[in-house]
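Below is one structure; the comments refer to it alone.
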Amino acid sequence: MLGSATGASAAANARLGAGDTLAREVADPVDGGGVLVLERSRLIGARGAALHLVGDARARAVDTEIGEVDGIGAVVSGQAVLIAERLRVRDTSGSGARAKGAGRFLARGGVFAGTGRHGVLVEEDGTAELTDCRVEESGRCGVRLAQRGRAVLRETRISDPREHGVRADDQGGVSLRDCQVVRPGGHGLSAAGASVVELADALVAEAHGSGLALAGQARAVLEGLRVRGAGEHGLRVSGAAGAEVVDSSVEGARLCAVHGDEKARLDLTGLRAVGAETGLRLRSAAEEESRLRACVFTGQGRSGVEIGPGTAVALTEVRVSGAGGAGVTVDAGGRLTMTGGLVAGAAGSGLVLEREASAEVRGVRFEDCGKNGVLIGEQAGGTFAHCDVSGATFPALHIGKGARVRFLGCRVFDSAQDVGLADGAEPEFEDCAAVRVRTAVLPSLSDRGRPPAAPASVAGAGEGPLAPDQGAVEGDGALWDQGEPAPEPESLEDLLAELDELVGLDGVKRDVNGMVKLMQTVRMREEAGLPAPPLSRHLVFAGNPGTGKTTVARLYGRLLHGLGLLSRGHLVEVDRSSLVGEYVGHTGPKTTEAFLRARGGVLFIDEAYALAPAGASNDFGTEAIATLVKLMEDHRDEVVVIAAGYPGDMDRFVSSNPGLSSRFSRTLLFADYSSEELVSIVEHHAQRHRYELTDAARQALTAHVSTIPRDAGFGNGRTARQLFQAMTERQAMRVAELTSPDSAQLMQLDEHDLL
C-alpha cells in the first residue's frame, strides 16, 4: 500500500459518497423541496443554458431531450439537485452538463453527445454521479473535475473526446467502476494536483496519449484496469504522484507500459504488460522504494524493466520474457532488490547493473539470454543468492572492473562459458557450480566427483561443500554435457502421434491426451489474463514392471516442454538408492541434488514405494519423502515428479506423508500387456532392427506367449524384448551355417528361431 494512499482513499470515499443520498432522492425528489418535474420534454435552441437550477432547487427530468444549445445543456449550482433519467443532451457549444457550487447532478441512462466543451463538468464543490451513461464526441474532455469537484461513474462509456476521457485537477476526485474510455484524443484518465482516482474493472482503449497519467501529488488506486493500445504510455506517473495497481494489464502501448519519473512511487501487484518499447521505466528520486509483486512483462521491444539513476525498486516473483534488449537494467546508482521470478529469452543480457549500481538478488532464474545472463558493470556491488543462469550466449556471469559482488549457491547451466572477469574484478563465489558448461571457472558438476580446483583469479571459488554429480542426465542430457544447446520444443501433433503409436496403453493414452487438453486450456486462459484453475502435473504411474511407465514418463516431459510448461523436458530417473543416504544428514542433500538435476524436466522415481517400506517407522526414506515434498512446493513450476511402482504398493507410498496425497492427485494405471500386444511389441523391435517375422514365426510366437505364466516374474515389455533378443541369437546361429546367405535370409525370423 502507498504510504498516504489509505488516507487519501478514505477521504475520496467520503467525498464521493453522494450517491446514497441522491439515490434516496430519486424515489421522490419533490419531498426534498423540488419545484420542477420534466417528463418526455424537449428543450431545443436555448441560449446560455437550456436548464439552470440555482439555490436549493430540486428537479427531476425523465426521458427529456436537450439540444442545439448556444451554451450549456444543464447547469446545477448553489445547493440545487438535478436527477435525470434517460436525459439526452446533444449539440451544445458549451458543456453538456455542469455542476458547480455545491450542486449535485445524478444521471442514469443518459447520453451526452457532440458537446462543444466537456461532456460533464464538475467544479468548485459540485458532485456528479453517472450510471449507465454514454459521453460521446466531446469537444474537450468527457468528464472534467476541477477545484474540489467529484464524480462517481458506473457502467459508463466515454468515447472519442477531443482531449482526455476523464480529467481531475486541484483536489478533485473521481471513482470509476465497470467503465470504458475509448479513443480519447489525449489521455484516457488524467489526474494532477492533489486529486484522487479510484478505479475498478475499467477499460481504456486506443488512447492518443497515455492510458492513465498522474502528475503533481495525485493518487490513484486501480484494480482491474485494462489498457489496450496507447499512443504514449500505458500508465505514466510523474511529479510526486503515486499509484497502487492490482490485477491490471497493459497491452500495445507505444512507449512504456508503465513509466515513472521525478518522485513518483509505484506499488504494482499482478500487473501484466504485453508489448511496448519498455515494460517498466522508473526514474524516480522518491525516498521510499517502489514495489512490484507477481507482475509479468513480455514481448517488449527494448528492456523489460529499466531502473534509473538513484532509483530504488523491489521486485518479487516478477517474470520478464522476450525482451528485445536487456531483461532488467539498473542504471548508475540504482538499487534493485529482486526475489524469485524469471528473466527469459532476452535478446540482450538478462540483468545489467551499470556502473556503481547495486542489487540484492535471490532465487531468480535467468534463461536463454542472447548475451550475458548477468552483466555487472564497473564498481557495481551486491549479492546473488541461489540463482540459476542457463543458456547464455556470452559468459553467463560477467563481472566488470572493481565490481564487488558475492555469489552464494548459484549455478550456471548449458552455456559456453560460466564466468567472464574484467581486470580488477573482485567477485566472491561460495557453493557455486557449473553444469554442462564448455569453459568453466566454477567447480563443474560434470567432473563426476573429482574435487574441483578453482583458479586463483576467482576469490572463494570451490569453498564450502559441493555435492558430486550423480551421473549424466538421461536422454538429451548427454548432448548438454557436450555443450550442445537444449532441444527446441517438438510439435504437439508429433508427440501425440508418437504416444498413439505405442502398443496398448489405451487408458493411459486417454488420460495423457486429456491432461494435454486441460493444460492447453490453462495456457490460453493465462494468455487471456484469466486466472488459471488449480492444476497438479505430478503423477503416480501404477503398474507391473515392463508396462511402459518410463517410456510414457519421458514422452510426458517432452509434451510439457512442447506446451511451454517445462523449460527442458528431460527425464531424470532415480530410485531409493539415488535418494536415501547411508548415515544421518546424508539423505537431505542427496535427495536435493537428484531433484535439482531434474529442474526444467521430469523426476521419475522408480519403485517409489521403497521410500516408505511397510512396517518401518525409523527409515531414512521418510526424510527423503519430506525433502521431496518441500522441494515440490519450492519448485512447483520447474519440476514434474512421477512416482512409479506396483499398484498395490503405491497407495502406501502416497499415504505415507500428507503432502504427497495433496500433490499426487492423479494415478495412471498401466495394465499388463495382452498376448496380442506382446507379439506386436516383438514385431516392433524386429522392424526397428530390420528383421521380419514369417507368418509361421508369428503364429508360433502367439502360441508361446499365451503359455507364459503371468506371475511375479512376468516382465511384460521386458519379456517381449527378451524374446526378440533370443530369436535374433538363434537366427544368427542358424544363418552362420549357410554358405552365402542373401539379405532376405539375414532379415528373416522363422518359427525355428523361437525355441
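Computed from a predicted structure; not experimentally measured.
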When rounded to the nearest 0.5 angstrom, what distance separates [atom1] in [X] from [atom2] in [Y]?
X	Y	atom1	atom2	result
Leu292	Leu268	CG	CG	4.0 Å
Leu353	Phe384	CG	CZ	5.0 Å
Leu559	Leu496	CG	CG	5.5 Å
His398	Leu375	NE2	CG	5.5 Å
Leu203	Arg157	CG	CZ	8.5 Å
Glu354	Ile376	CD	CD1	12.0 Å

Hey, does the side chain of [X] reach the backbone of [Y] with a donor-acceptor pair shorter than 3.5 angstrom?
X	Y	answer
Arg568	Gly600	no
Arg537	Leu565	yes
Ser321	Gly299	no
Asp368	Gly345	no
Glu262	Gly216	no
Thr115	Gly96	no
His187	Gly209	no
Thr337	Ala314	no
Ser415	Phe413	yes

Between Thr316 and Thr339: side-chain donor-acceptor atoms closer than 3.5 Å: no
Side-chain H-bond candidate by donor/acceptor type, Arg283 with Thr311, under 3.5 Å: no
Salt bridge (charged side-chain N to carboxylate O under 4.0 Å, His left out) assessment of Asp160 paired with Arg183: CA-CA 5 Å; Asp160 302 293; Arg183 296 181 299 276; 2.7 Å; yes
In terms of side-chain geometry, is the basic nitrogen of [X] or [Y] positioned less than 4.0 Å from the acidic oxygen of its partner?
X	Y	answer
Arg154	Glu129	yes
Glu287	Arg265	no
Arg663	Glu633	yes
Asp201	Arg226	no
Arg599	Asp388	yes

Do [X] and [Y] have side chains that get closer than 4.5 Å, going by heavy atoms?
X	Y	value
Glu289	Arg291	yes
Val111	Val135	no
Val516	Gln520	yes
Val296	Leu271	no

Can you tell me if [X] has over 12 outside heavy atoms packed within less than 6.0 Å of its [atom1]?
X	atom1	answer
Arg86	CZ	yes
His386	NE2	yes
Arg162	CZ	no

Residue pairs passing the side chain to side chain donor-acceptor pair (under 3.5 Å) test where at least one lies in residues 130-144, sequence neighbours excluded: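 Qualifying pairs: Arg134-Glu136, Arg140-Glu163, Arg144-Asp169.
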For Leu199, the option from Val204, Val166, Leu189, Val221 that meets side-chain contact (heavy atoms from CB on, under 4.5 Å):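 Looking at Val204, Val166, Leu189, Val221, the match for Leu199 under the side-chain contact (heavy atoms from CB on, under 4.5 Å) is Leu189.
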Aromatic ring pairing Phe112/Phe105, orientation class (parallel under 30°, perpendicular over 60°, tilted between):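 Answer is perpendicular, since the angle exceeds 60°.
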Selection residues 309-328 - residue pairs positive for salt bridge (charged side-chain N to carboxylate O under 4.0 Å, His left out), sequence neighbours left out: none
Steps toward side-chain contact (heavy atoms from CB on, under 4.5 Å) verdict (Ile307, Asp331): CA-CA 6 Å; Ile307 300 170; Asp331 213 334; over 6 Å; no
Worked check of salt bridge (charged side-chain N to carboxylate O under 4.0 Å, His left out) between Asp261 and Arg281: CA-CA 8 Å; Asp261 56 19; Arg281 179 182 292 148; over 6 Å; no
